[in-house]
Structure formats: C-alpha cells, structure tokens
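All remarks here apply to the structure that follows.
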Amino acid sequence: YTTLFRSESIDVITGGASAVYGSDAMAGVVNFRLRKDFSGIQVAYQHGATTHGDGQEDAISILMGGNFADHRGNTIFDLEYNQRGGITGANRSFFSDISTFNRGVPRPPEGIFNAGELGGDFPVSAVNGVLAGYPGTTPLSGTGNYGGYVGFNNNGSLFSTRSPGNCAQNYQGPVNQTLGLHYTPDCSTIESYLGPYFAIQVPMQRYNMFSRTTYDVTDNIQAYGQINFMHSNAQDLQGSSYIGPGKYFYIPQNNPYVTGNAALQTILAARTTPSAGPLEMEDWVTPMGRRIESFNYNDYQISGGLKGPIGSTDLNWNVYGSYGQTLFDNDQADNINTPAVENILYGLANYHGANGQNCVGYAWNPLGAQPMSAGCLAYATGTAHNTDQISQKLVDGDLSGTIAMLPAGKLKFAFGVDYRGDSFTYRADPNLNPAFNVLPSTMPPGIISPSYDLIGSTGGTQNVREVYGELQV
C-alpha cells in the first residue's frame with residue numbers, strides 16, 4: 001500500500017517498461033515515486049462522506065524525515081490511519097425498494113414445505129379445511145393436489161404461500177418489520193428480499209507504517225533499505241442463513257413438535273401416498289442470527305539493496321532482495337452446524353454448556369420462527385475461523401542504459417536475472433470442510449453448513465528463475 005502523503009509523483013506508462021522499472025514492468029507500470037531526502041515533519045488529514053452524509057472516511061498521516069552523515073544518508077518514517085464507515089442497501093432506496101430491486105428468496109423466517117417435502121401429495125381441499133378454522137382467510141382456488149407451500153406460525157396455525165393464483169393466507173409473521181421481509185407484489189408469496197443486506201460500502205480500518213533509508217556508500221554506490229507494514233480489518237454484515245433444496249433441515253415425523261401440531265397432522269393425514277421419511281424444511285433461519293464476516297490482514301515487506309552508475313557512462317546497475325508476507329484471518333460468525341441441528345431435531349442432543357446453558361433432547365421447535373435457547377445456540381452455531389499465509393521472496397539484479405543514439409531518440413536496453421519464490425498455506429475451519437463433517441449415519445445425507453461456502457485446506461509453492469532483456473526507443 002502506497003499513500004499519496006509520501007508520494008512525490010505518479011508515473012503511468014503503457015507498453016514495455018522493464019528498461020526503466022525492471023522485469024515486472026514488461027506490460028507497463030504505474031510507478032509511485034517516493035520522496036527522497038525529505039527532512040522535517042508533515043501532518044496531513046483528509047475527511048470525506050457521501051452526499052447522503054453517511055459512509056464517512058477519515059485519514060491522518062504523520063511523515064517524518066531527516067538527513068544524517070553530512071547528507072550522505074536520509075531516513076523517512078510514515079505512520080497512517082484510515083477509517084471508512086459502512087453503507088448497506090437499507091440506506092439506499094434503490095436497494096431497499098422492492099419495486100426497483102426485487103431480488104429475493106421466497107422463504108419467510110418460519111419453515112415452509114411443499115408436498116414433496118412433506119412426503120406425499122395432498123389435496124387443496126385439505127389446506128382449505130384447515131384455513132377455514134381461522135378468521136379472515138379466503139379459500140384457495142383450484143382442485144386436485146395442492147401446488148403451493150404451507151408453513152406454521154409461532155402459535156402453531158397453518159399459513160399458505162407460493163400457491164399459484166392465490167394470495168398468501170393467515171401469515172402472522174413480521175412482514176415490514178423484519179428487514180427485507182415483504183409480500184410479493186401479487187400477494188402470493190412471503191419473500192425475504194436481499195437488497196437491504198447488500199454491502200454498498202464495507203466498514204474498514206487500516207493502519208500503515210513505512211520507513212526507508214538511503215545511504216551513499218561512495219559516489220557511485222548507494223545502499224537502501226525499506227520496510228512496509230499494513231494492518232486492516234473489515235466487516236460484512238449479512239442476512240440470516242437460508243436452508244432448502246440441497247441443504248434441508250430434516251425433521252423426523254415422530255418429533256414431538258410434529259406430532260403435537262394439529263394443523264400439520266391434518267395435512268399429513270391427507271397425503272395420498274404418504275412417506276415415512278423425515279420432513280424436509282425450507283427456511284430463512286433468523287432464530288440463529290445474522291451472519292457476520294470479518295476480514296483481518298497483516299502485511300509486511302522488508303527489502304534492501306545496492307545500486308549506482310558505472311563510471312561516467314549512461315549505465316546503471318541495481319541488486320536487491322526482498323521478503324514479504326500476508327497473514328489473513330477470516331472469522332465467519334453464526335455459522336450453523338447442521339449435524340448439531342439434526343441431533344436436536346432427532347432428540348439426540350446432549351450438550352451441557354457453561355452456566356447451565358444446556359441443549360438436551362428435542363430442545364427446539366422448528367415449526368415457526370421459534371427462538372433458540374442460549375445453550376442450543378452455543379451448540380448449533382459457532383464462528384468458523386479460516387487463515388491464509390502468503391509469502392514471497394525475491395532476488396533481482398539488472399543492468400540498464402543507453403546503447404546508441406538514433407534519429408528517433410535513445411536506444412535503451414535492460415538486462416537482468418531474478419529469482420522469485422511464492423508460497424501459500426490456506427487453513428479452512430473444520431466446520432466448513434466436508435472431509436471432516438458428515439451427518440450421523442441414521443440421518444439423510446445433507447450439507448454440513450448452510451451459512452457459508454464449504455472449502456478445504458490447501459497450499460502450494462512456486463519458484464521462478466528468469467533471465468530477461470528489453471530494448472526501448
């Protein structure tokens with residue numbers, strides 16, 4: 001990271017530029033020329049915000065420098081702090097207005113099921129028979145098998161959604177209260193819209209430290225050394241996890257919350273070809289919290305070398321080496337552990353946490369957006385921690401200068417050799433690694449976490465040795 005506070009100028013060159021900037025500039029370069037021989041102290045501050053007044057950004061820099069050894073050497077030292085406020089889709093009408101941004105998932109915070117997920121077809125008349133017992137409902141149109149979804153409110157009553165040609169009936173959830181939860185414009189579906197959760201600008205903090213020392217060993221040899229360090233952290237706040245096809249919650253039909261729900265039992269009894277297998281629930285799992293992901297970086301690079309001209313010629317040489325690392329820590333909070341949830345739903349949970357926060361047996365009612373106890377949240381959710389370490393070492397030596405004068409100008413050359421070694425080691429949290437997590441054998445196969453992408457640990461190395469040359473007119 002290079003700041004404008006310690007930059008003297010910026011060069012943007014297209015095309016081959018290794019004759020001036022080395023082997024990595026074969027296709028062009030953006031070069032930040034750092035200040036040399038700076039002496040004194042400079043303090044700079046910047047502040048900005050959007051025209052809405054949010055997303056404020058602040059930056060402060062303290063640059064110090066001075067000469068030593070009768071001006072044969074110079075050291076500069078720079079400290080910086082930057083912070084940026086977050087902006088989400090909820091702060092902008094384009095994303096929060098479902099009439100202009102209608103990307104969503106047709107799942108409310110209460111679990112829902114279609115006929116296949118309940119283990120068999122059932123008629124529209126069975127749904128209407130249950131709805132008739134609730135005030136303010138309208139019979140669903142159609143005959144034959146029901147083609148929509150049913151779900152259950154927190155009081156156990158049934159509601160309908162995603163029934164073609166019909167408005168959703170008897171839904172008692174927090175429409176227009178939970179962020180992003182609305183009826184679709186045709187009133188048929190209860191949908192969670194994603195726009196309010198989009199990160200238009202992620203909140204971020206960054207600290208930088210830079211120091212560079214040059215020293216003229218002789219009139220033709222200059223030694224130089226440099227160190228960079230950067231620490232940054234950012235956070236992304238997302239909506240709650242979704243479960244559904246490919247990552248269901250499986251609920252056995254003998255679960256007491258299933259057998260104790262009269263409306264659900266009426267629907268199950270109306271199935272024409274019932275299955276004894278578990279119910280497959282789709283849901284927007286708000287009781288398990290919103291996903292919060294943090295990104296923390298620590299970068300450093302140390303470099304040093306010798307350079308200088310060759311006598312009174314136009315030739316210049318440069319030999320240097322560098323070593324750097326990027327250390328990345330990624331925390332993914334409210335990561336759902338599906339095997340633990342299934343243990344709860346099958347009545348096999350036996351978790352005993354601190355301060356009496358336990359989760360034992362059938363400790364959570366999955367029908368409706370029922371809250372989870374502190375013990376069950378500790379058992380069934382957690383924070384996945386992933387790390388990545390990237391290292392690079394580089395040694396380079398080059399010679400450049402002018403070969404001849406041509407009518408079009410100087411014919412310059414560059415010739416050099418270098419070695420570059422790169423390596424990385426990525427360690428994924430075991431809770432995100434399919435190789436380490438499977439559902440208990442008594443349960444249907446399923447994904448281990450619906451919250452974040454599954455990934456395995458990996459790593460690798462690459463070593464490159466180069467000889468390069470370039471001519472430039």
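For clarity, every value in this text was computed on a predicted model and none was experimentally measured.
- Side chain to side chain, Q169 and S160 fail the donor-acceptor criterion of an N or O pair below 3.5 Å.
- In this model, a donor atom of one side chain and an acceptor atom of the other lie less than 3.5 Å apart for Q332 and E293.
- A donor-acceptor contact closer than 3.5 angstrom links the side chains of S451 and S241.
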List the steps, then state whether side chain to side chain donor-acceptor pair (under 3.5 Å) holds for E280 with Y250.
CA-CA 5 Å; E280 300 169 342; Y250 296 102; 4.9 Å; no

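- Side-chain polar atoms of S141 and N166 form a donor-acceptor pair below 3.5 angstrom.
- Taking the six-membered ring where the residue is Trp, the centroids of F198 and F101 are separated by under 6.0 Å.
- When only modelled atom types and interatomic distance are considered, S157 and N153 share a side-chain donor-acceptor pair under 3.5 Å.
- Judged by distance alone, with hydrogens and angles left aside, the side-chain atoms of R291 form a donor-acceptor pair with the main-chain N or O of G239 at under 3.5 Å.
- Note on ring orientation: taking the six-membered ring where Trp is involved, the planes of F249 and W364 are perpendicular (angle over 60°, cut-offs 30° and 60°).
- N155 CG: more than 12 foreign heavy atoms inside a 6.0 Å radius.
- Residues N298 and H231 bring a donor and an acceptor atom of their side chains to less than 3.5 Å of each other.
- For the residue pair S192 and Y242, a side-chain donor N or O sits within less than 3.5 Å of a side-chain acceptor on the partner.
- For Y419 and E466, the side-chain atoms include no donor-acceptor pair closer than 3.5 Å.
- For the residue pair D58/Y81, the side-chain donor-acceptor check at 3.5 Å is not satisfied.
- Counting only distance, with no hydrogens or angles, the side chain of S294 and the backbone of Q235 share no donor-acceptor pair below 3.5 Å.
- E282 has a carboxylate O that lies under 4.0 Å from a charged side-chain N of R107, or vice versa, which qualifies the two as a salt bridge.
- A donor-acceptor contact shorter than 3.5 Å is absent between the side chain of S61 and the backbone of A44.
- Contact check on R92 versus D54 returns a salt bridge, with a Lys/Arg side-chain nitrogen under 4.0 Å from an Asp/Glu carboxylate oxygen.
- You'll find the ring centres of F229 and Y300 outside the 6.0 Å limit.
- The aromatic rings of Y171 and Y183 sit perpendicular, their planes meeting at an angle over 60°, well past the 30° parallel limit.
- Between the side chains of Y149 and N114, at least one donor N or O sits under 3.5 Å from an acceptor N or O.
- A donor-acceptor contact under 3.5 angstrom links the side chains of T326 and D299, judged on distance only.
- Note that R271 lies outside the cation-pi zone of F122, set by a 6.0 Å cut-off to the ring centre and a 45° limit from the axis.
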Under the side chain to side chain donor-acceptor pair (under 3.5 Å) rule, what do N296 and D329 come out as? Steps first, then yes or no, please.
CA-CA 5 Å; N296 294 282; D329 286 283; over 6 Å; no

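- Using modelled atom types, one finds a donor on one side chain and an acceptor on the other under 3.5 Å when comparing N176 with H182.
- The closest donor-acceptor contact from the side chain of N358 to the backbone of G353 lies under 3.5 Å.
- With hydrogens and angles disregarded, no donor-acceptor distance shorter than 3.5 Å links the side chain of N91 to the backbone of G89.
- The 12-atom threshold is exceeded at CZ of R290, counting heavy atoms of other residues, nucleotides or ligands nearer than 6.0 Å.
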